[in-house]
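Proteins get letters first, then strands, A, B, ... in listed order; numbering begins at 1 in each. Side chains are part of it too, since the values below use all heavy atoms of this structure and drop only hydrogens, waters and symmetry mates.
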Amino acid sequence: MELTTFFQQLINGLQLGAIYALIALGYTMVYGIIRLINFAHADFLMVGAFAVYFFASFILTLTNAIPPIILFILGLIVALVAGALIAELSNRLAYKPLRYKPRLSALITAVGVSMFLEYFFASLPFIGPSFRAFPDLLKPVSFVVGGVYLNNIQLLDIGLAIVLMILLTFIVNRTMMGKAMRAVSQDKDAAKLMGINVERTITFVFLIGGALAGAAGILMAMTYPRIYPNMGILPGLKAFVAAVLGGIGNIPGAMLGGFLLGIAEIYATSYNSLLGEGIAFAILIIVLLVRPQGLLGEKQSEKV
Amino acid sequence: MKKVWRNLPTLRLLIYAVALYILLMLLSSGGILNDYLMIIINICLIYVILATSLNLINGITGLFSVGHMGFAAVGAYVAGTFTTLVWKLPNDGSVSTTLLFIVALVLGGIGAAIVGALIGMPALRLKGDYLAIVTLGFGEIIRTIINNIDAVGGPRGLLGIPALSSFTIIFVATVVTVLILRYLVYSSHGRAMISVREDATAADLVGINTTKYKVWAFVIGAFFAGIGGGLLAHLIQLAHPTQYGFYASFLVLIVVYIGGVGSMTGSILAAFVLTILEKYLLPMLLQWAGLGVEWRMVIYSLLLIIVMIYRPEGLMPREAKFMIPEDH
Amino acid sequence: MPEEKKVVLKIDQMSHSFGGLKAVSNFNLDLPEGVIWGIIGPNGAGKTTVFNLVTGVYRPSQGHIHLLGEEITGKKPFTIVAKGAARTFQNIRLFGNIPVLDNVRIGMHKNYRPSMFDCVIRDGKFRRAEKKMREESMELLARFNLHGRADEIAKNLPYGEQRRLEIARALATNPKLLLLDEPAAGMNPNEVDKLMEMVYLIRDEFKLTILLIEHQMRFVMRICEWIKVMDFGETIAEGVASQIQNNPRVIEAYLGKGVN
């Protein structure tokens, strides 16, 4: 492989990985705190993308004079809020009643929520199951650096993902809420005894995870400007693999796993399309067989 | 007389089965059940096979497989490829098509069982969520591979599969599956599987080779899923990668958990109730309400969430045995 | 020198560590046939780890374990059970959601094993095996005064009966060596006395060798012919009850260093 091709693929991989990482964070945080594989998480991204779609279309019918950067920032806020709200709504209505019930019922419910969101959006007459073109929030601008093609969307994907990750790391490590999150994920009952409001902490996790999914939604829609109700399924599945790769429940692990998976997928696809399609699952199985706790996860052993 | 008594549960089960078969045949030939309804009943029966076999893995052995349709896909494609190839050969009528179909189904089952063994191996080391994730990954890999094999149609699917799944064959296959699974569950091997579910470490320490039983659960469950897949492919005369994605697996999972995990009776009832609900009652209801048929799955998933919230243990408790009574 | 007895369990220089923590170091044991011996020590002394190493839950980092003259170091738990070692657990681990009878029958599974094929076609082999398993299980349950409970779900039994059921399940595997992990935990003095009788009885009736871990000193001192004391993974003393009771190192391990 030529060096420029190598770097070109690396950039493409980082771009894809940034989106995976943002989604993976939501999976991993929810898993970390309530041990639930939230299958509906991928659909929060779709909800975020559609929210921005309707918002932007509405604004653009009102005025064309709005500067693109303002439109993008407003769109981003809409995506974050929509993702956070839908995540907390599913938590409140579907998962919370099952908090102290067998874990499997919550998992099946998550599948139900996922199906509901997808079919509901596909059934709404003003959305429907088919593709929609996502409006250009920002004008695409390409430039070449040392033979490698870059565009502003790519840089935005990677840059925004990194900014959000830094913000998240700060929240988790430096704030009282972050401390509460870590405590609840260690031991819910002990945290409760220490005076932590467990339900409020869980809500906070869903809000943050959902907001990150919303951000992934707007970035994905800007990168691949076709949106549809099932758009979350495949990236969701891959991002989930990324979370497992990094160590499910581990926040830095999800970031690392997302980027690694994105890069691996781009390189594999350039080699062979079947490999590209299947690499995520192949990685998943290898990781689980060799190091089930993931790259950064800690091994847990059973007490007899 | 004593022997008859001892076999009474089996006898009861067989009497149910024969009565149901005769009833359905009469209704069908009398024109009360039209072809569409018969297809729905056939699908119900196939779901019984898929759900009870998944229940052996998830409910009895306590593992957590979410890729069951991956096994069904192997069965569908192996059996479908076999029959489509054989049907191209000149046939002077000396070989019974039913016999050939049974061979095809068993081959499909064996293919699925081999894949089940391969997937069961990781079960040696993984448990709970991790096992679920690995089965999901394997299921998706199977789908991806099929999607990329041109010889079986790739993304177009395997077309032109002969219509061999008659009601009788599906019915007999279902009864045989349920009987075998029931006999297995109510034996010392079944109890060994249950001990893995209850406490694998303790089971190991009372002499149960837990690894072996985990793999066996996968192999047997996959075998019957393969049979179910083969029947499905020869019913709708098509095998397509999209039928076997993880959403399809979830539909089977839902049948098992709504029915009550660990309850074979529950799986059987839920297979009927949910399939009829999804394919017949909901479309009818929606038509009556003036809504499009696309709302079917919206209501279906909503019902699923509501059932899970109000009855997280499923509709049937694990101990319910009235249709599948225990011997002794 | 008394007559040389057969050694049931022989442990040489066994050590095990978790990460950097040495849980058991240089543990030695020659357990003669038919005895009741005990291991005592403060919490975290490594007693249960010794049981876990013997039964194959963990593989020792060093040393050798022989059961009835056969090396079992690093073997899988179910193979070790098959060779004749059974155990109970500190925190009761029954198969909670299934009937009492099935708990015992599962213990018997390794002795009677009709093939899966026999089970599916329900042939004579299957029926004979099921019949024998059922009869023997009922006998065993009767022995522990649990036969009236055979069809009850195990987790619904009262605590004392759960403890007895766990021992019954261990005996169903037909062991030569029985490892009891804190059998008297949570029992009142009256129950402890009954337990003591029972331990003697099952030893004689089932021709067992018994090694037990216990915190209740009254129980250990009265029942155990020989006692090993562990602290921080080390064996700090061993001997008969009276020797242990007066051993300064043992007193120190339990009560801390005295002020001079």
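Of the two parts of Tyr257(B), only the side chain, counted from C-beta on, holds a non-hydrogen atom closer than 4.5 Å to a non-hydrogen atom of chain A. Neither the backbone nor the side chain of Leu117(A) comes within less than 4.5 Å of any heavy atom in chain B. Heavy-atom distances place both the backbone and the side chain of Leu288(A) under 4.5 Å from chain B. Using a 4.5 Å cut-off between heavy atoms, Leu136(B) touches chain A through its side chain atoms alone. Only the side chain of Leu98(A) comes within contact range of chain B, judged by heavy atoms closer than 4.5 Å. Looking at Ile149(B), neither its backbone nor its side chain comes within 4.5 Å of chain A, counting heavy atoms on both sides. Heavy-atom distances place both the backbone and the side chain of Val113(A) under 4.5 Å from chain B. Only the side chain of Asn147(B) comes within contact range of chain A, with heavy atoms under 4.5 Å apart. Only the side chain of Pro97(A) comes within less than 4.5 Å of a heavy atom in chain B; its backbone stays farther off.
Of the listed residues Val287(A), Leu124(A), Leu237(A), the one with more heavy-atom pairs under 4.5 angstrom with chain B than any other is Leu237(A). Ranked by heavy-atom pairs under 4.5 Å with chain A, the list Trp295(B), Phe138(B), Tyr130(B) is led by Trp295(B). With respect to chain B, the highest number of heavy-atom pairs below 4.5 Å among Ser123(A), Gly112(A), Ser105(A) belongs to Ser123(A). Contact count against chain B (heavy-atom pairs under 4.5 Å) is highest for Leu104(A) among Leu93(A), Val241(A), Leu104(A), Ile248(A).
Under the 30°/60° scheme for interplanar angles, the aromatic rings of Tyr95(A) and Phe206(A) are found to be tilted.
Taking the six-membered ring where the residue is Trp, the centroids of Phe116(A) and Tyr300(B) are separated by 6.0 Å or more. Separation of the Tyr271(A) and Tyr267(A) ring centroids does not fall under the 6.0 Å cut-off.
Looking only at distances, no side-chain donor or acceptor of Asn91(A) sits under 3.5 Å from a matching main-chain atom of Ala87(A). Although no hydrogens or angles enter the test, the distance criterion places a donor-acceptor pair under 3.5 Å between the side chain of Asn58(B) and the main chain of Ser65(B). In this structure a side-chain-to-backbone donor-acceptor pair under 3.5 Å is missing from Ser267(B) to Thr52(B). Looking at Arg132(A), its side chain never comes within 3.5 Å of a backbone N or O of Tyr228(A) through a donor-acceptor pair.
Of the options Leu304(B), Leu269(B), Leu303(B), a side chain to side chain contact (heavy atoms under 4.5 Å, CB included) to Ile258(B) is made by Leu304(B) and by none of the others.
His41(A) and Ser114(A) are not linked by any side-chain donor-acceptor pair at a separation below 3.5 angstrom, with hydrogens and angles left out of the test.
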